[in-house]
Participant: 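One structure, pasted below without further comment.
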2 protein chains.
Amino acid sequence: MRAFGRSAYGTGRVSRQRVSIALVVDASPDRAFSAEDLAALVRLDDPGIGLATVYRALAAMESSGFIEPVGERNGAVVYARCVDAGHHHHVVCTCCGMVEDAECPVGGTSAGANGFRITGHRLVLYGICPSCQRAAPEPGDEPGRGRFRVRPASRRAG
Amino acid sequence: MRAFGRSAYGTGRVSRQRVSIALVVDASPDRAFSAEDLAALVRLDDPGIGLATVYRALAAMESSGFIEPVGERNGAVVYARCVDAGHHHHVVCTCCGMVEDAECPVGGTSAGANGFRITGHRLVLYGICPSCQRAAPEPGDEPGRGRFRVRPASRRAG
DNA sequence: TTAGTTGCAAATCGTTTGCATAATT
DNA sequence: AATTATGCAAACGATTTGCAACTAA
C-alpha cells in the first residue's frame, strides 16, 4: 500500500485500513470526531474494520501531529484534523463540533516565568460557530441544535 | 460544619469530609494531584473517607473554579489548585508535577476569527521546573527524577 | 523473510451510581 | 424535618492489550 497515509502516520507501514482511516479524517477537516464516529465513517467503505485498529490509528496520527484531541463528548475524546502544517490550535463549536484552525496567541511565554523551562502548551478555543449562532434564539444562550456537543476535556458526564 | 470549604465548593453543604478535602487541596497549591493522591492525603486525617466522596468533591471544586484539570498521569486526571482568583492558567512540570499559576497570554481572540463567537478557552503550559532542571544532566533531555510525570490530557498509556 | 498491522474478545481501571444511612442546615 | 453528603460495592464504558493470522516492504 502506498501514497496517502504516509503523511498521516509519519512512520510505520501503510495498510489498506490505515489509508481508509486517513482518507476519512482528511475529508473531515472541519468536524471534531470520536473514535466511534471515525469507525462508523470508515465502515461505510470497509465494514470489517475493528475499533481497536481505529484507536491505534488515532494514537499514531496524534503523535505524528495529523490530529489533536480537542475535548470530549459523552466521556469520549474527540479529535480535530490539523489542517495547518505548523504550530497552531483549534476553535471548536461546543454546540455542533465544527472546528477551525486558529493561530497561536501564546507568545513570549516560552521564556518561562518563575524559572520554569517551558517545553510546550495545549490550547483549545471554544465557541459557537456562525451556523449555530443563527440557530440560537438568545445570543448568550447555548444553542440547542447541535447533536455533537463538545466539552473541554477532563471528566465524563456531569 | 462551617468556615473553610464554603469557598471551595461554592454551594452545597460543608461536611467534615469536604472540609478535610478542601484543607488538603489548599495546602498543596503547587502540586498537581489525582483523585487517588488526594484520597491518600486526606486519609492521613480521616482514614474512612471514600474514593467516591473525593470524586464528588473534585467535581464540585472544579465547577466552582477552586481547581482545574491540568493533564493526566497514568490515565488519571490530575488537577491543580487555582491560587489566583481571576482568570488564569497553570504551568505544570511534566517531570514532578509542580504547578504554578500563569497569566493568560490569550488576548483579543475573544473577537473570534471566521465568525465564531468565542466563549472560552483552555490552556495549560508544560515545562520543567527549576528543581527538575537541576536534576537533568542534559538540558533538553526529559529529567528522570520525577515520580509524578504529567502528560497533556487525552488518552491513557502509550 | 520480517517486522509492523489487524480483528476479536477479554481485560483494564479510572470514574460513576444506586442505595441505605448519617449529618448539615 | 427536609435535603444533601457519605461509603460501599456494583456497574460503566471508553480504551487497551494478548494473540494468532495477515501483509506491506
Side-chain angles (χ1 to χ4, degrees), chain A residues 1-6 8-22 33-40 42-43 45-64 67 69 71-79 150-151 153-158, chain B residues 1-6 8-22 32-40 42-43 45-64 69 71-79 150-151 153-158:
Chain A
M1 215 39 93
R2 285 224 132 275
F4 197 77
R6 175 98 319 147
Y9 302 100
T11 183
R13 296 181 183 175
V14 183
S15 63
R16 172 174 52 74
Q17 293 89 330
R18 288 197 162 190
V19 172
S20 300
I21 294 174
F33 56 88
S34 67
E36 295 277 9
D37 296 338
L38 184 51
V42 175
R43 281 178 182 142
D45 287 312
D46 185 342
I49 207 159
L51 236 195
T53 298
V54 173
Y55 273 106
R56 286 185 276 233
L58 239 19
M61 292 189 285
E62 180 183 345
S63 63
S64 81
I67 59 175
E72 60 179 46
R73 197 171 64 228
N74 298 324
V77 177
V78 296
Y79 298 84
V150 173
R151 324 186 338 157
S154 68
R155 42 184 48 275
R156 314 211 179 178
Chain B
M1 213 39 92
R2 286 224 131 278
F4 197 76
R6 174 98 320 145
Y9 302 99
T11 182
R13 294 180 184 175
V14 184
S15 62
R16 171 174 52 73
Q17 293 89 330
R18 288 197 162 190
V19 171
S20 299
I21 294 174
F33 57 87
S34 67
E36 295 278 8
D37 296 338
L38 184 50
V42 175
R43 282 178 181 140
D45 288 312
D46 184 343
I49 208 158
L51 235 196
T53 298
V54 173
Y55 273 104
R56 287 185 274 234
L58 238 19
M61 292 190 284
E62 180 184 346
S63 62
S64 82
E72 58 178 47
R73 198 171 62 228
N74 299 324
V77 177
V78 295
Y79 298 83
V150 174
R151 324 186 336 158
S154 69
R155 41 183 54 272
R156 313 209 179 181

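Note that the coordinates shown come from a computational prediction; the quantities given were computed from them, not determined experimentally. Just so it is clear: chains get the letters A, B, ... in the order the sequence lines come, proteins before strands, and each one is counted from 1.
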Participant: From the set C:dT15, D:dT6, D:dT15, return the single nucleotide nearest to any side-chain atom of B:Ala35.
Facilitator: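 From the listed options, C:dT15 comes nearest.
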
Participant: Check this one for me: any side-chain N or O of B:Thr53 less than 4.0 Å away from OP1 or OP2 of D:dA5?
Facilitator: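 It does not, given that no N or O in the side chain of B:Thr53 lies less than 4.0 Å from OP1 or OP2 of D:dA5.
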
Participant: Could you tell me whether the phosphate oxygens of C:dT24, OP1 or OP2, come under 4.0 Å of any side-chain nitrogen or oxygen in B:Arg18?
Facilitator: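 For C:dT24, neither OP1 nor OP2 has a side-chain N or O of B:Arg18 closer than 4.0 Å.
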
Participant: Rounded to the Å, how far apart are A:Met61 CE and C:dT5 P?
Facilitator: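 In whole Å, C:dT5 P lies 13 Å from A:Met61 CE.
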
Participant: Using a 3.5 Å distance criterion without hydrogens, assess whether the side chain of B:Asn74 forms a donor-acceptor pair with backbone atoms of B:Ala76.
Facilitator: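 No, because the side chain of B:Asn74 does not come within donor-acceptor range (under 3.5 Å) of the backbone of B:Ala76.
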
Participant: Just the rounded figure in Å: distance from P of C:dG14 to CG of B:Leu51.
Facilitator: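 Nearest whole value for this atom pair: 10 Å.
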
Participant: Does the side chain of B:Glu36 reach to within under 4.5 Å of the side chain of B:Leu51, using non-hydrogen atoms?
Facilitator: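 Yes - at least one pair of side-chain heavy atoms lies under 4.5 Å apart.
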
Participant: Examine D:dT6: is either OP1 or OP2 under 4.0 Å from a nitrogen or oxygen in the side chain of B:Ser15? Give yes or no.
Facilitator: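 So the side-chain polar atoms of B:Ser15 do come within 4.0 Å of the phosphate oxygens OP1 or OP2 of D:dT6, strictly under.
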
Participant: Tell me which nucleotide among D:dA2, C:dC8, D:dA24 gets nearest to the side chain of A:Ala52.
Facilitator: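 So the nucleotide nearest the side chain must be C:dC8.
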
Participant: Tell me the interatomic distance from B:Arg151, atom CZ, to D:dT15, atom P, rounded to whole angstroms.
Facilitator: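 Rounded to the whole Å, the gap is 14 Å.
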
Participant: OP1, OP2 of D:dT15 versus side-chain N and O of A:Tyr55: anything below 4.0 Å?
Facilitator: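 For D:dT15, OP1 or OP2 has a side-chain N or O of A:Tyr55 closer than 4.0 Å.
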
Participant: Enter the distance from A:Ile21:CD1 to A:Ser15:OG here, rounded to the nearest 0.5 Å.
Facilitator: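 Here the rounded value is 7.0 Å.
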
Participant: D:dA25 P sits how many Å from A:Arg16 CZ, rounded?
Facilitator: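 It is 13 Å, rounded to the nearest whole Å.
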
Participant: Is there a side-chain polar atom (N or O) of A:Arg13 under 4.0 Å from OP1 or OP2 of C:dA3?
Facilitator: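 No.
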
Participant: Identify which nucleotide among D:dT6, C:dG14, C:dC8 has an atom closest to any side-chain atom of B:Ala76, counting heavy atoms from C-beta outward.
Facilitator: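 Nearest nucleotide to the side chain: C:dG14.
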
Participant: Less than 4.5 Å apart, side chain to side chain, heavy atoms only: is that true for A:Asp37 and A:Tyr79?
Facilitator: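 No. Closest side-chain heavy atoms not under 4.5 Å.
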
Participant: Taking atom CG of B:Asp46 and atom OG1 of B:Thr53, what is their separation to the nearest 0.5 Å?
Facilitator: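 Here the rounded value is 9.0 Å.
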
Participant: Whole-Å distance between D:dA5 P and B:Asp46 CG?
Facilitator: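 After rounding, the gap between these two atoms is 17 Å.
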
Participant: Please determine whether any donor N or O and acceptor N or O are separated by less than 3.5 Å between the side chain of B:Arg56 and the base of D:dG7.
Facilitator: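 Answer yes: a donor N or O sits under 3.5 Å from an acceptor.
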
Participant: Is the phosphate of D:dG7, meaning OP1 or OP2, less than 4.0 Å from a side-chain N or O of B:Gln17?
Facilitator: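 Indeed, a polar side-chain atom of B:Gln17 lies that close.
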
Participant: Using atom CG of A:Asp37 as one end and atom C1' of D:dT15 as the other, report the distance to the nearest whole Å.
Facilitator: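 It is 15 Å, rounded to the nearest whole Å.
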
Participant: B:Val14 has a side chain; which of C:dT5, C:dT25, D:dA5 sits nearest to it?
Facilitator: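 The listed nucleotide nearest to B:Val14's side chain is C:dT25.
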
